[in-house]
Undergrad: 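Encoded as structure tokens, here's the structure I'll be asking about.
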Amino acid sequence: MRDHFEIRDHDAAGRIGRLEVPRAGVTVETPALLPVVNPNVLTIEPRRLAEEFGAEMLITNSYIIRSTDRVRDRVLDRGLHDFLGFDGAIMTDSGSFQLAEYGDIDVTTEEIIEFQRRIGSDVATPVDVPTPPDVDRERAERELETTKRALADAEAAETGDMLVNGPVQGSTFPDLREEAGRHASATDLDVFPVGAMVPLLNSYRYAEVVEAVRAAKRGLDPDAPVHLFGAGHPMMLALAVAAGCDLFDSAAYALMARDGRYLTVSGTEHLEEMEYFPCSCPVCAEHTPAELRETDATEELLAEHNLHVTFEELRRVKAAIRSGNLLQLVDRRARGHPAMLDGLRTLLDHADELERTDPASKDAFFYTSHESARRPEVRRHHDRLSRLAVPDRLLLTESDAPSNHDYGAVWRVKPPFGPFPRALSETYPLTAEVPERVDGAAQVAAAEGVASLAAANPDTAITLGHDDWVPRALDAVPDDVETENLRHLGR
């Protein structure tokens with residue numbers, strides 16, 4: 001058990017937590033965004049990141065500091081916090097990104113961990129190998145072994161009260177990611193980044209990002225804080241949190257601004273093509289796109305907007321976790337980009353895993369798309385049907401209960417959940433708001449609920465009254481369940 005991370009709220013696999021960072025003497029609320037600060041070029045002063053944007057933690061690169069004489073000497077003399085002018089927690093990268101980009105770096109894990117300790121880092125990183133996507137398995141296995149040795153070197157290093165990252169690698173092989181997570185979790189390390197995600201994120205391969213995260217989570221302890229390295233686009237934060245990530249680091253706010261790109265929760269716009277701003281952050285409220293293009297501070301102001309919209313989305317994600325509608329937020333974001341829809345569908349492939357941490361009761365369930373039929377609440381309801389007592393003859397119906405009948409009981413049927421006793425009508429999630437014109441996916445899910453009830457009660461004679469279900473839903477109803485189309489009755 002990791003006593004430096006406390007989970008306060010859950011929704012799906014997302015959580016609100018408190019990460020204690022003892023060397024900084026602070027506690028960081030998660031999910032948290034760590035803006036990337038280049039020690040050579042401060043696009044936005046770190047002091048402002050805390051005061052104006054609410055950043056509690058940031059990340060900078062200890063390898064760049066160590067390799068730049070004029071910066072290294074000043075940081076060693078003054079300490080990292082004083083050099084950056086930031087009182088919150090500071091995580092430092094080790095040069096692994098440079099290793100991935102250039103193929104070699106002139107530092108070992110032992111050396112860089114010691115350097116990070118000397119400059120006053122609060123969370124250090126070993127020199128792991130960020131194996132990119134789509135490599136052959138032999139390479140992924142070989143480089144994972146190198147990363148495991150780096151974790152062992154980090155575990156053996158003198159770190160004092162400095163936390164240390166235990167990166168989880170494995171390329172695009174879910175079984176290697178799970179193995180790496182299990183290995184990292186067995187160490188004494190503290191925070192667990194899912195690494196080498198930038199190529200997937202830059203290509204909007206969100207389905208594969210979700211697969212990598214879920215595989216790593218299967219190996220990691222449930223209370224392990226998980227960092228998604230290189231993630232910071234506001235479009236995908238809700239998805240990543242729902243998959244189980246707690247920390248994110250982003251240079252996107254600055255890199256995108258340098259290229260004239262404007263971040264939104266549904267994608268990226270080009271400033272030169274914009275006539276109106278859809279945002280009401282201070283930058284957008286005080287400038288038109290034309291004015292922002294003409295100012296001498298275009299890059300800095302655009303970076304500020306990018307940070308505002310990213311932190312705003314993170315606050316929205318936290319509010320969604322607290323109110324129990326995180327998956328509804330992910331569903332809304334999925335309507336903004338096809339890659340996000342791929343990510344949501346992949347996440348719901350793991351509904352059984354999400355159900356383990358998803359609260360049994362929330363404020364509301366809104367059925368808004370086909371994907372709603374696959375949410376963990378639906379799976380949980382089907383699993384619990386076997387606990388309910390049933391009579392010898394049972395009527396399941398989408399209509400009102402008939403006044404005269406010879407059934408032992410009449411239960412309601414409500415897509416996507418399926419059957420339930422009427423006494424449970426006011427309990428979550430059966431209070432769900434469902435459109436009057438439900439789609440085939442909801443009917444299929446309801447039919448699967450009927451099948452679960454029938455399987456648990458083979459001696460009960462069940463009749464189903466349905467509201468003109470689609471053929472594939474009726475195909476999911478067991479043959480020994482009698483069916484009546486309510487729209488045809490009385491004809």
Undergrad: Does Lys362 pair with Asp11 as a salt bridge, N-O distance under 4.0 Å?
TA: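 Between Asp11 and Lys362 there is a salt bridge, with a charged N closer than 4.0 Å to a carboxylate O.
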
Undergrad: Give the C-alpha distance, both sets of side-chain angles, the deciding distance and a yes or no for side chain to side chain contact (heavy atoms under 4.5 Å, CB included) between Ile59 and Ile90.
TA: CA-CA 6 Å; Ile59 182 169; Ile90 300 176; over 6 Å; no

Undergrad: Between CG of Leu247 and CG of Leu228, what distance do you get to the nearest 0.5 Å?
TA: 10.0 Å

Undergrad: Treating Ser185 as the side-chain partner and Asp221 as the backbone partner, does any N or O pair qualify as donor plus acceptor under 3.5 Å?
TA: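 Here the side-chain-to-backbone pair exists.
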
Undergrad: Hey, would you say the Tyr262 and His270 ring centroids sit under 6.0 Å apart?
TA: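 Tyr262 vs His270: aromatic centres not under 6.0 Å.
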
Undergrad: Between Arg18 and Phe5, is NZ or CZ placed under 6.0 angstrom from the six-membered ring centre and within 45° of the ring axis?
TA: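 The answer is no; the distance or angle limit is not met.
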
Undergrad: Using atom types as modelled and distance alone, determine if a side-chain donor or acceptor of Glu313 lies under 3.5 Å from a backbone N or O of Val265.
TA: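 Flag not set: sc Glu313 to bb Val265 has no pair under 3.5 Å.
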
Undergrad: How far apart are the closest heavy atoms of Leu388 and Asn457, and which atoms are they?
TA: O-OD1, 4.5 Å

Undergrad: Do the side chains of Asp122 and Arg23 get close enough for a salt bridge, i.e. N-O under 4.0 angstrom?
TA: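 So Asp122 does not pair with Arg23 through a salt bridge.
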
Undergrad: Ignoring hydrogens and angles, tell me if any N or O in the side chain of Thr463 forms a donor-acceptor pair with the backbone of Leu395 under 3.5 Å.
TA: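 Checked: no pair found.
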
Undergrad: Less than 4.0 Å between a side-chain N and a carboxylate O, is that true for Glu355 and Arg379?
TA: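 Looking at Arg379 and Glu355, the cut-off is not met.
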
Undergrad: Could you pull out the closest heavy-atom pair between Ile7 and Asp223, with the gap in Å?
TA: CD1-CA, 4.1 Å

Undergrad: Between Glu269 and Arg261, is there a side-chain N and carboxylate O pair less than 4.0 Å apart?
TA: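 A salt bridge is absent here (no side-chain N lies under 4.0 Å from a carboxylate O).
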
Undergrad: Rounded to the nearest 0.5 Å, what separates atom CD in Glu211 from atom OG1 in Thr172?
TA: 11.0 Å

Undergrad: Assess, by modelled atom type and distance only, whether the side chains of Glu377 and Tyr428 contain a donor and an acceptor separated by less than 3.5 Å.
TA: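 Yes - a donor-acceptor pair under 3.5 Å links their side chains.
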
Undergrad: Name the orientation class of the two ring planes belonging to Phe417 and His381 (parallel below 30°, tilted from 30 to 60°, perpendicular beyond 60°).
TA: perpendicular

Undergrad: Ring of Phe420, cation from Arg412 - is the NZ or CZ under 6.0 Å from the centre and inside 45° of the axis?
TA: no

Undergrad: Regarding Thr131 and Glu143, do their side chains bring together a donor and an acceptor under 3.5 Å, going by distance alone?
TA: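 Their side chains do contain a donor-acceptor pair, which is all the 3.5 Å distance test asks for.
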
Undergrad: Under the side chain to side chain contact (heavy atoms under 4.5 Å, CB included) criterion, do Leu464 and Val413 qualify, and how do the steps go?
TA: CA-CA 8 Å; Leu464 167 67; Val413 173; 3.9 Å; yes

Undergrad: Atom NZ in Lys318, atom OG in Ser323: separation rounded to 0.5 Å?
TA: 14.0 Å

Undergrad: Run the numbers on Phe248 and Thr310 for side chain to side chain contact (heavy atoms under 4.5 Å, CB included), then give the verdict.
TA: CA-CA 11 Å; Phe248 307 89; Thr310 305; over 6 Å; no

Undergrad: Taking the side chain as everything from C-beta on, heavy atoms only, tell me whether Ser94 gets closer than 4.5 Å to Pro126.
TA: no

Undergrad: Kindly indicate whether the side chain of Thr431, heavy atoms from C-beta on, has any atom under 4.5 Å from the side chain of Phe365.
TA: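 The answer is no, as the side chains (C-beta and beyond) never meet within the 4.5 Å cut-off.
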
Undergrad: Does the side chain of His233 pick up a donor-acceptor pair with the side chain of Thr268 at under 3.5 Å?
TA: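 On atom types as modelled, these side chains qualify, holding a pair under 3.5 Å.
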
Undergrad: Could you check whether any side-chain N or O of His183 sits under 3.5 Å from a backbone N or O of Val168, counting only pairs where one atom can act as donor and the other as acceptor?
TA: no

Undergrad: Does atom CG (Asp136) have a neighbourhood of more than 12 heavy atoms from anything else shown, all under 6.0 Å?
TA: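 Yes, CG of Asp136 has more than 12 neighbouring heavy atoms, counting only those of other groups under 6.0 Å.
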
Undergrad: I'd like to know if the side chain of Thr264 reaches the main chain of Ser266, judged simply by a donor and an acceptor atom lying under 3.5 Å from each other, with no hydrogens or angles considered.
TA: yes

Undergrad: Using the ring-ring contact (aromatic ring centres under 6.0 Å, His included) criterion, which residues pair with Phe53? Sequence neighbours excluded.
TA: His308

Undergrad: Does Glu29 pair with Arg8 as a salt bridge, N-O distance under 4.0 Å?
TA: no

Undergrad: How close do Ala334 and Met340 get, heavy atom to heavy atom, and via which atoms?
TA: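 Heavy-atom minimum between the residues: CA-CB, 3.7 Å.
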
Undergrad: Quick check: closest heavy atoms across Ala24 and Gly88, and the distance to 0.1 Å?
TA: CB-O, 4.1 Å

Undergrad: Taking all atoms of both residues into account, what is the closest heavy-atom pair of Phe311 and Ala55, and its distance?
TA: CZ-CB, 3.8 Å

Undergrad: Under 30°, 30 to 60°, or over 60°: which ring-plane class applies to Phe229 and His227, parallel, tilted or perpendicular?
TA: tilted

Undergrad: Has Asp406 got more than 12 heavy atoms of other residues, nucleotides or ligands less than 6.0 Å from its CG?
TA: yes

Undergrad: Leu271 versus Phe277: any side-chain heavy-atom pair under 4.5 Å?
TA: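 They are in contact (side-chain heavy atoms under 4.5 Å apart), so the answer is yes.
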
Undergrad: Please tell me if the side chains of Val477 and His466 come closer than 4.5 Å, counting only heavy atoms from C-beta onward.
TA: no

Undergrad: Salt bridge or not between Lys148 and Glu145? Use side-chain N to carboxylate O under 4.0 Å.
TA: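 A salt bridge links Lys148 with Glu145.
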
Undergrad: Using 0.5 Å steps for rounding, measure from the CG atom of Leu344 to the OG atom of Ser369.
TA: 6.5 Å

Undergrad: Does a donor on one side chain sit under 3.5 Å from an acceptor on the other, for Asn165 and Thr125?
TA: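 Yes, because at least one side-chain N or O of Asn165 sits under 3.5 Å from a partner of the opposite role on Thr125.
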
Undergrad: Restricting to side chain to side chain donor-acceptor pair (under 3.5 Å), what partner residues turn up for Gln443, sequence neighbours left out?
TA: none

Undergrad: Pairing donors with acceptors under 3.5 angstrom, does anything connect the side chains of Asp439 and Tyr367?
TA: yes

Undergrad: How long is the gap from OG on Ser399 to CD on Glu484, to the nearest 0.5 Å?
TA: 11.0 Å

Undergrad: Please confirm whether the backbone N or O of His305 pairs with a side-chain atom of Tyr253, one donor and one acceptor, at under 3.5 Å?
TA: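 Looks like no, no N/O pair under 3.5 Å.
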
Undergrad: Do Val241 and Ile321 touch side chain to side chain, with heavy atoms closer than 4.5 Å?
TA: yes

Undergrad: For residues Val410 and Arg422, determine if any side-chain heavy atom of one lies less than 4.5 Å from a side-chain heavy atom of the other.
TA: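 Side chain of Val410 against side chain of Arg422, heavy atoms only: contact under 4.5 Å found.
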
Undergrad: Given side chains that start at C-beta, do those of Thr146 and Asp128 come closer than 4.5 Å, heavy atoms only?
TA: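 Result no, sub-4.5 Å side-chain heavy-atom pair not found.
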
Undergrad: Looking at Asp392, I'd like to know if its CG atom is crowded, meaning that more than 12 non-hydrogen atoms belonging to other residues, nucleotides or ligands lie closer than 6.0 Å.
TA: no

Undergrad: For the pair Thr357 (side chain) and Ala12 (backbone), establish whether a donor and an acceptor sit closer than 3.5 Å, ignoring hydrogens and angles.
TA: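 Side chain of Thr357 to backbone of Ala12, a donor-acceptor pair under 3.5 Å: yes, one is there.
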
Undergrad: Any Lys/Arg nitrogen of Lys414 or Glu398 sitting under 4.0 Å from an Asp/Glu carboxylate oxygen of the other?
TA: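 No, Lys414 and Glu398 are not salt-bridged.
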
Undergrad: Taking Lys217 for the side chain and Ala243 for the main chain, is one N or O donor matched with an acceptor at less than 3.5 Å?
TA: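 Not a single qualifying donor-acceptor pair exists.
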
Undergrad: Distance-only, no hydrogens or angles: does the Ser171 side chain make a donor-acceptor pair with backbone N or O of Phe173 under 3.5 Å?
TA: no

Undergrad: Do NZ/NE/NH1/NH2 and the carboxylate oxygens of Arg374 and Asp349 come within less than 4.0 Å?
TA: yes

Undergrad: Verify the neighbour count for atom NE2 of His10: are there more than 12 heavy atoms of other residues, nucleotides or ligands below 6.0 Å?
TA: yes

Undergrad: Charged N to carboxylate O below 4.0 Å: is that the case for Arg315 and Glu312?
TA: no

Undergrad: Any salt bridge linking Arg335 with Asp331? Criterion: basic side-chain nitrogen under 4.0 Å from a carboxylate oxygen.
TA: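 Yes.
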
Undergrad: Applying salt bridge (Lys or Arg N to Asp or Glu O under 4.0 Å) to Arg218 and Asp175, what does each step give before you reach the verdict?
TA: CA-CA 10 Å; Arg218 286 193 293 274; Asp175 61 319; over 6 Å; no

Undergrad: Do you see a donor-acceptor pair shorter than 3.5 Å between the side chains of Arg375 and Ser372?
TA: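 Note: Arg375 and Ser372 side chains miss the donor-acceptor criterion.
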
Undergrad: If we ignore hydrogens and angles and just use 3.5 Å, is the side chain of Asp9 paired with the main-chain N or O of Arg322 as donor and acceptor?
TA: no

Undergrad: Atom CG in Leu33, atom CG in Asp249: separation rounded to 0.5 Å?
TA: 8.0 Å

